[in-house]
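First up is the structure itself, then whatever we jot down about it.
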Amino acid sequence: MTSPRHALQQTNRKQTSRSPLAGLGTIVRFILRRDRIRLPVWIAAHGLLVLYIGAALPQLAPDKQDLAGMTTLFSQPVGRMFTGPAFGLDDPTYERFFAAGYAPYLFILASLMSIFLVTRHTRGEEQSGRAELVRAAVTGRHTMLTAALVIVGVANVVSAGLVSALTIGLGYSIMGSILVGSATGLTGMVFAGITAITVQINEFSRSAAGMAGAVLGATFLLRAIGDMVEVGGSGLSWASPLGWATQTAPYVHDRWAPLILSVALAAATIALAFVLQTKRDFGASLMPPRPGKVRGHPRLGHPFGLAARLHRSGFFGWGVGIMALGVVDGLFTQAMLDAGKDMPPELRAVFCSDQLLDGYIGFLGSVVSIFVTAYVVFAMQTLRTEEATGRADAVLATAVSRSGWLGTHLAVVALGATLIMLITGLGTGLAAAGVTADAGLIPDVMFSHLAALPAVLAVLGITAAFFGVAPRFMAIIGWLLVAVCGIVDLFADLLDLPKWFRGLSPLWHLATVPVETFQLTPVVVLVGIAIVAVGVGLAGFHRREINVV
């Protein structure tokens, strides 16, 4: 008869000898089952972008002269900041225009897909407690992370293949098309590796995704500044993985060498993530949260103070990044004016004014508002985290009402968005005034930023409505609104988007100050939509069950 001690020793030996990848196939199938809708949507988004651009370009620019007029925007410093180094635009073709102006957004889309998927299936599972149940079965230490990376790898490979196939189908060069697809997939894998590291560092999925997103924002800023310096990019462009993808110069030079850097970084970050995972306990993080004080600050005893504390890190992270981008844009005001001396009418039309300075100021206010709407959606996801982890239950078990809990969070997010717009407007105005020696630009820039605030509040209200009525769709609808605002504001004229689609963007209804005269009616309508939507959200949250998945 086997003694209990002997049986325990046998069990320990079996657990020790268990493969670190035990149960990998089962977990991969489980993730595919969970993301049977999410994955096709992410992949299809790559294909839809390619198809729309490919179909729209011949309609917008039937001949080479029309195309040359459109490419002027991408050749200017501000255009290169939002697109890339503008390879081959001195002799433009449809494929070169696509690669210079729109392929960089495929790289960003693949990066975001990787960040969200890796976070969802690693740290998100540990945080929710589901991973603990899975680990209780026959699974290895590295199974969950490996399965997540396998799924993300498959998604990036399929997206890369889809982009390559569709661009070849549009008649573009085979070599350049394969290069665009490869750059898309490899950039996605770079950020999959980066996210695999951030989920080891942070204890919460939101913090891990935020850190990976901050890295993505920093790489975008490095590439943007590097490409603004000169056509073809500068040394700073090579400090960014996004810059490596654009430096491949598809349909112009067809350079594969920059992608070696992407392969190396993806492999290194993934390998480092596995090493870091062995250094931490399950459910813990390499960067443990700071121990709290013995007694909390009195303001934490009030719903508003608690909400402000919960949103503090997101506010400072997004606020600093957005303000930095605004200041950089402001510093290029004089360069934009100098370039405008020889600017053709087509480019002036993009800025909606013969007065280039006014157009540029209005453009900066609109761009900043897009990033602030992204902050609003990101901040609203804090409420879902608080609810899913049960911390909202603890607060609502006190004298705090549901309306009071949700209302204070919405007030804090709205106040944060307003402060970011105000401070960024001030910083951008000071930078523009500094390079142009025109102090009068400061109030104009600040007003252009604040004039776009009602659109941000409308997005906040709509997101709140979905949180109260259909919380599982809140993030999807919120990020779709951000995407629509960005597409309409940046590419509506270049792509000749239909009026009904433009109308989906709250920004489109507002006057672009100072290009256009400020109009009160759209502001009242958007603020009214925000108020009604918040009311719907409060009523829905009051009636629905807590912790609805």
Side-chain angles (χ1 to χ4, degrees), residues 206-207 210 213-214 217-218 221 297 299-300 302-331 361-383 386 405-433 441-464 467 478 481-482 485-486 489 506-507 510 513-514 518 523 526-527 529-531 533-534 537:
R206 185 167 169 268
S207 300
L221 188 61
H297 195 280
R299 67 170 176 268
L300 297 180
H302 188 276
F304 189 89
L306 178 60
R309 176 63 182 85
L310 292 173
H311 291 285
R312 184 178 66 182
S313 59
F315 168 76
F316 282 110
W318 281 85
V320 170
I322 293 172
M323 186 181 68
L325 179 63
V327 170
V328 170
D329 291 341
L331 292 173
I361 292 173
F363 174 74
L364 294 183
S366 299
V367 169
V368 166
S369 66
I370 295 171
F371 286 101
V372 178
T373 57
Y375 157 73
V376 163
V377 175
F378 177 84
M380 285 297 294
Q381 290 182 279
T382 301
L383 279 71
E386 291 296 296
W405 180 80
L406 177 56
T408 52
H409 277 277
L410 294 176
V412 168
V413 175
L415 179 60
T418 303
L419 287 175
I420 291 175
M421 293 289 284
L422 181 63
I423 295 172
T424 303
L426 177 60
T428 305
L430 289 172
L441 291 179
I442 298 176
D444 291 342
V445 174
M446 292 183 65
F447 187 50
S448 73
H449 284 64
L450 293 177
L453 182 60
V456 178
L457 298 179
V459 172
L460 173 61
I462 294 171
T463 309
F467 175 78
L481 282 172
V482 174
C485 289
D489 192 67
L507 276 174
L510 295 171
V513 178
F518 176 78
V523 172
L526 287 176
V527 172
I529 291 174
I531 294 173
V534 167

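Atoms considered below: every heavy atom in the structure, side chains included; atoms not considered: hydrogens, waters and symmetry mates. In this text the structure is predicted, and so the values were computed from the model without any measurement.
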Heavy-atom closest pair (Ala433 atom, Ile442 atom, distance to 0.1 Å) is CB-CG1, 3.9 Å
Where Cys485 and Leu507 come nearest, the two heavy atoms and their spacing
CB-CD1, 4.3 Å
Can you tell me how far CG of Leu457 sits from OG1 of Thr373, rounded to the nearest 0.5 angstrom?
11.0 Å
Over all heavy atoms of both residues, which pair between Gly314 and Phe378 is shortest? Give the atoms and the distance, please.
CA-CE2, 4.4 Å
Please name the pair of heavy atoms, one in Pro506 and one in Leu526, separated by the smallest distance, quoted to 0.1 Å.
O-CD1, 3.6 Å
Among Val456, Thr463, Ile462, find the one that has a side chain to side chain contact (heavy atoms under 4.5 Å, CB included) with Val459.
Thr463
Say you draw a straight line from CG of Leu481 to CG of Leu460; how long is it, rounded to the nearest 0.5 Å?
11.5 Å
Let me confirm one number: the OG-CG distance from Ser369 to Leu510, rounded to the nearest 0.5 Å.
8.5 Å
Enumerate, atom names and distances included, each donor-acceptor pair closer than 3.5 Å involving a side-chain atom of residues 406-426, sequence neighbours excluded.
residue: Thr408; atom: OG1; partner: Gly404; partner atom: O; Å: 2.9
residue: Thr408; atom: OG1; partner: Trp405; partner atom: O; Å: 2.8
residue: His409; atom: ND1; partner: His311; partner atom: NE2; Å: 2.9
residue: Thr418; atom: OG1; partner: Ala414; partner atom: O; Å: 2.9
residue: Thr424; atom: OG1; partner: Ile420; partner atom: O; Å: 2.6

Interatomic distance, His449 atom NE2 to Ile322 atom CD1 [nearest 0.5 angstrom]
10.0 Å
Determine the minimum heavy-atom distance between Ile361 and Pro514, stating which atoms define it.
CG2-CD, 3.7 Å
Counterpart residues, ring-ring contact (aromatic ring centres under 6.0 Å, His included), relative to Phe447 (two or more places apart)
Phe518
State the CZ-OH distance between Phe315 and Tyr375, to the nearest 0.5 angstrom.
6.5 Å
Which atom of Val523 lies closest to which atom of Pro454, heavy atoms considered
CG1-CG, 3.7 Å
